[in-house]
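These notes concern the structure reproduced below.
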Amino acid sequence: MLIEHLVGKRIADAPKDAQTPGHRLLLRGGYIRQVGQGIYTLLPLAHRVCQRVEAIIREEMNRVGGQELLMPVVSPAELWEESGRYQTVGSEMLRFTDRNDHPCVLNMTHEEVIVDAVRANIDSYRQFPFLVYQIQTKFRDEPRSRGGLIRVREFTMKDGYSFHRTDECLDKTYHEVHKAYTRIFKRVGLRRFIDIESDTGMMGGSVAHEFMLVSDVGEDTLVLCSACDYRANREVARSKRVYESSEAMQPLTNVETPGQKTIDEVTTFLKSDARHACKAVAFMAGEKPVVAFVRGDFDVNLAKLKRALRTGDVRPMEDSEFASFGSVAGFVGPLGVDTAKVTLLFDESVAQSPNLIIGANAVDLHTTGFNFTRDLPAGTPVHDLTDVNEGDPCPCCGKPLSLERGIEIGNIFQLGKKYTAAMRFEYSEEDGSLAIPTMGCYGIGVGRTMASVVEESNDKYGPIWPISIAPFQVQVCCLGASKDPSIADVGRKVYDDLRAAGIETLFDARAVGAGFMFADADLIGAPLRVIVSPRNQKKGVAELKYRVVEPPADLPAEAPLDNLIPALQEILARLAAPFAAS
RNA sequence: CGGGGUGUGGCGCAGUUGGCUAGCGCGCGCGCUUCGGGAGCGCGAGGGCGCGGGUUCGAGUCCCGCCACCCCGACCA
């Protein structure tokens, strides 16, 4: 490829909209073009990178027995009605009608479609287990996209699905895919990625892990133990908090708190502290009011709340809705509300802490001396509703937990029989009985993986691509070709020889300054740069530059022109070795 | 969906209280000089200012409505 023909212009100033370093570089390098909110064209450079990512994914999925297939983007609404998700999934799924007024959806994930495909094609226990996957376009009408390719509405995803007769068999495949994912992310050159326990959300199922790249630009919060292997998404993370309770119980006492609503205001006013306050956070779960009580120094975690309520349909309560269960915004407390009309959920921190300040469900009134065990009926359930915080004790070893940000690059779920049962996927067991298989699903975002590599591996000049996914392996920079035809000839021969050897090469012999040429090369990020110039030609060599993370110290700085290709092949092999299939 | 912000050549921006042929830098084309880390000079092409209505002798500039995009939050396999 001649650089002047490459579609995708390199620019010095990034558009102001770009927020993250990686997004800025992808725009500056001419990798992507925004079409709409969360919608991008992958220009040739980005598409080359993604194709290489996909090739690695295919290799590793095939290695664990995956069969590639391809499902449609559009499907009739009936399939989603069969699983029940046509109702439960919100407006992130794009729905429309075709010319015959038939309801359709853009599939945002493919459990329904794959179950439909395999239930018609699998009849016998002899055919289990099996793993299928596709690399295909997904559209999700996210309320908000951000960070360039980190969070988009349309994207390419590898999604895989496995089917099994038994939970043990699912577990085995799950772990094989887990290992395959680890190999994939290593081979695309990610370094700080980890797997963590995760929420199952709308997917259902029991066991789930996410693969996360630890990164400041990530959207998720990761909880990591400083001492042991414990690591989890904050949505599911636990901690072993210790609650001291040496205080004697005080009697319940009403106190006037004119205009004092927030934890801060109330505790300052009463000369107390947040550890002695009971925070009430009110939501609507569908039509039903819900109040979550946590200690004043903790925050409610919405994902945990949703699991406790067994629903995803939760929104903050409006001030006008508090009267429906006999309370008032700012002064909500657990005593004296109409429990037939409101669901009260208590966090462990409230159950374990003595003498809390609670709202009295009346304007400008609080109550002190609340004690969970004394003041509520025996057997009132206790939940884990709070965010884990920096420094909380690890649930496994008790050492302090730390928080990091992370980009979710892949996830794996054990779904169980949620979809196979709802959609009546039955097969004949060995004894002639009909059985329903259990299922796993496995996703990787291709574009997000590319974007994550840029976020992790870059400098101020551009992306530093691992050779395994770089858009070009070699870039030939031919300096002074416009002045000296013999230099142009040498450069051209190097380029032709590289191509003949099957090496993906970008050739730059434009009549531009060296600085300009090198700046472009940095943005394109070929790991090996071959510089042909009058200076080098006099020495009979081509100069070599490496754009890689931690280059081996003993790589040569030049190679003789008369035996160039074998020398370059050897260098490329060395650079590629760390990313090879293992 | 709530809050905030921005829309002026491909990109980044400037356009005083409405006023004359809408500017600047980068990029692009041509020429000359340069030529190892985003060169210099000269000439030139390219927009009618997000869209639709108003007000006015006159509207990027004022008014009304809408749209798009960005950020924060809500939301999110």
Side-chain angles (χ1 to χ4, degrees), chain A residues 4 7-20 23-24 27-28 30 33-39 85 88-93 107-111 138 140-148 150-153 155 157-161 198-205 208-211 219-220 233 235 283-284 302-303 306 312-318 408-415 418-419 440-445 448 460-462 477-484 487 509-523 529 531-536 543 545:
Chain A
E4 55 265 44
V7 175
K9 138 160 84 180
R10 275 111 11 231
I11 53 175
D13 305 317
K16 60 177 177 187
D17 288 346
Q19 298 296 311
T20 69
H23 187 200
R24 225 185 306 283
L27 286 167
R28 281 191 52 210
R33 160 92 183 168
Q34 182 166 11
V35 176
Q37 185 195 112
I39 302 176
R85 284 204 292 188
T88 58
V89 172
S91 49
E92 61 267 33
M93 182 160 69
N107 290 301
M108 50 184 289
T109 175
H110 279 76
E111 285 74 20
K138 299 277 184 287
R140 293 183 186 179
D141 200 357
E142 303 278 359
R144 189 170 158 218
S145 49
R146 56 165 79 85
I150 297 295
R151 179 157 218 81
V152 291
R153 295 198 298 165
F155 55 100
M157 171 179 236
K158 188 286 294 177
D159 48 322
Y161 306 89
S198 70
D199 191 19
T200 52
M202 68 170 262
M203 301 300 293
H209 286 84
E210 291 166 333
F211 285 79
E219 301 187 279
D220 289 274
N233 194 306
E235 294 179 342
F283 300 90
M284 295 296 288
L302 202 56
K306 285 178 180 175
D313 182 17
V314 174
R315 63 166 173 85
M317 192 181 289
E318 310 275 339
E408 181 187 347
I409 46 179
N411 55 30
I412 55 180
F413 290 86
Q414 293 192 12
L415 295 174
K418 175 175 172 179
Y419 299 95
C441 80
Y442 318 94
I444 293 178
R448 188 185 279 187
K460 64 180 175 177
Y461 303 110
C477 291
C478 189
L479 296 174
S482 59
K483 278 197 318 186
D484 183 345
I487 296 294
R510 293 173 299 172
V512 298
F516 190 92
M517 195 181 279
F518 292 155
D520 270 2
D522 288 336
L523 278 169
R529 185 178 311 169
I531 302 164
V532 175
S533 72
R535 201 167 82 186
N536 294 324
E543 186 180 339
K545 290 274 190 191

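Reminder, nothing fancy here: chain letters follow the sequence lines and each chain counts from 1.
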For [X], enumerate each residue passing the side-chain contact (heavy atoms from CB on, under 4.5 Å) test, keeping only those at least two apart in sequence or located in another chain.
X: Glu142(A); result: Arg140(A), Arg151(A), Arg153(A)
X: Lys545(A); result: Arg529(A), Ile531(A), Glu543(A)
X: Ala514(A); result: Leu479(A), Phe518(A)
X: Ala18(A); result: His23(A), Arg24(A), Leu27(A)

Please state the [atom1] separation for the pair [N] and [M] - nearest whole angstrom.
N: G12(B); M: G7(B); atom1: C1'; value: 14 Å
N: G29(B); M: A45(B); atom1: P; value: 15 Å
N: U56(B); M: C41(B); atom1: C1'; value: 46 Å
N: G9(B); M: G65(B); atom1: C1'; value: 28 Å
N: U21(B); M: G15(B); atom1: C1'; value: 16 Å
N: G25(B); M: A14(B); atom1: P; value: 15 Å
N: G46(B); M: A22(B); atom1: C1'; value: 14 Å
N: C24(B); M: U17(B); atom1: C1'; value: 24 Å

What is the nucleic acid contact for [X], judged by heavy atoms within less than 4.0 Å: base, sugar-phosphate only, or nothing?
X: Glu408(A); result: sugar-phosphate
X: Arg28(A); result: base
X: Arg448(A); result: nothing
X: Ile412(A); result: nothing
X: Asn536(A); result: base
X: Arg10(A); result: nothing
X: Asp520(A); result: base

**Study point:** Distance below 4.0 Å between Gln34(A) side-chain N/O and C70(B) OP1 or OP2
**Key:** yes
Review point. Should Lys306(A) be listed as having a side-chain N or O under 4.0 Å from OP1 or OP2 of C76(B)?
Key: yes
Review point. Is any side-chain N of the basic residue among Lys306(A) and Asp199(A) closer than 4.0 Å to the acidic one's carboxylate O?
Key: no
Practice item. Decide, yes or no, whether a salt bridge links Arg85(A) with Glu111(A) under the criterion of side-chain N to carboxylate O below 4.0 Å. Key: yes
Provide, to the nearest angstrom, the distance between the [atom1] atom belonging to [X] and the [atom2] atom belonging to [N].
X: Lys545(A); N: G37(B); atom1: NZ; atom2: C1'; answer: 10 Å
X: Phe516(A); N: C26(B); atom1: CZ; atom2: P; answer: 13 Å
X: Leu27(A); N: C11(B); atom1: CG; atom2: C1'; answer: 11 Å
X: Glu92(A); N: A74(B); atom1: CD; atom2: P; answer: 16 Å

Exercise for review: Not counting sequence neighbours, which residues clear salt bridge (Lys or Arg N to Asp or Glu O under 4.0 Å) with Asp220(A)? List them please.
Suggested key: none
Could you work out which one of [options] sits closest to the side chain of [X]?
X: Arg151(A); options: C69(B), C76(B), G37(B); result: C76(B)
X: Lys9(A); options: G27(B), G38(B), C69(B); result: G27(B)
X: Ala519(A); options: G38(B), C76(B), C70(B); result: G38(B)
X: Phe518(A); options: G38(B), C70(B), G37(B); result: G37(B)

Polar atoms only, N or O, under 3.5 Å: list the protein pairs with nucleotides 1-8 of chain B and their distances.
unit_1: U6(B); atom_1: O2'; unit_2: Lys16(A); atom_2: NZ; d: 3.1

Practice item. Mind telling me if G44(B) is syn or anti? Syn here is a glycosidic angle within 90° of 0. Key: anti
Check your understanding: Any idea if G48(B) is syn or anti, going by the 90°-from-0 cut?
Key -> syn
**Study point:** By ring pair (Phe, Tyr, Trp, His ring centres under 6.0 Å) - contacts of His110(A) (at least two apart)
**Key:** none
**Study point:** Backbone of Gly462(A) reached by a side-chain donor or acceptor of Arg28(A) within 3.5 Å
**Key:** no
Review point. Do Cys478(A) and Ile487(A) pass the side-chain contact (heavy atoms from CB on, under 4.5 Å) test, and can you show the C-alpha distance, the side-chain angles, and the key distance before you say yes or no?
Key: CA-CA 7 Å; Cys478(A) 189; Ile487(A) 296 294; 3.7 Å; yes
Point to revise | With Arg10(A) via side chain to side chain donor-acceptor pair (under 3.5 Å) - residues at least two apart | key: Asp520(A)
Practice item. Please list every stem that involves RNA chain B, where a stem is a run of 3 or more consecutive Watson-Crick or G-U wobble pairs with both pairing distances under 3.5 Å. Key: B:1-7 with B:67-73, B:10-13 with B:23-26, B:28-33 with B:39-44, B:50-54 with B:62-66
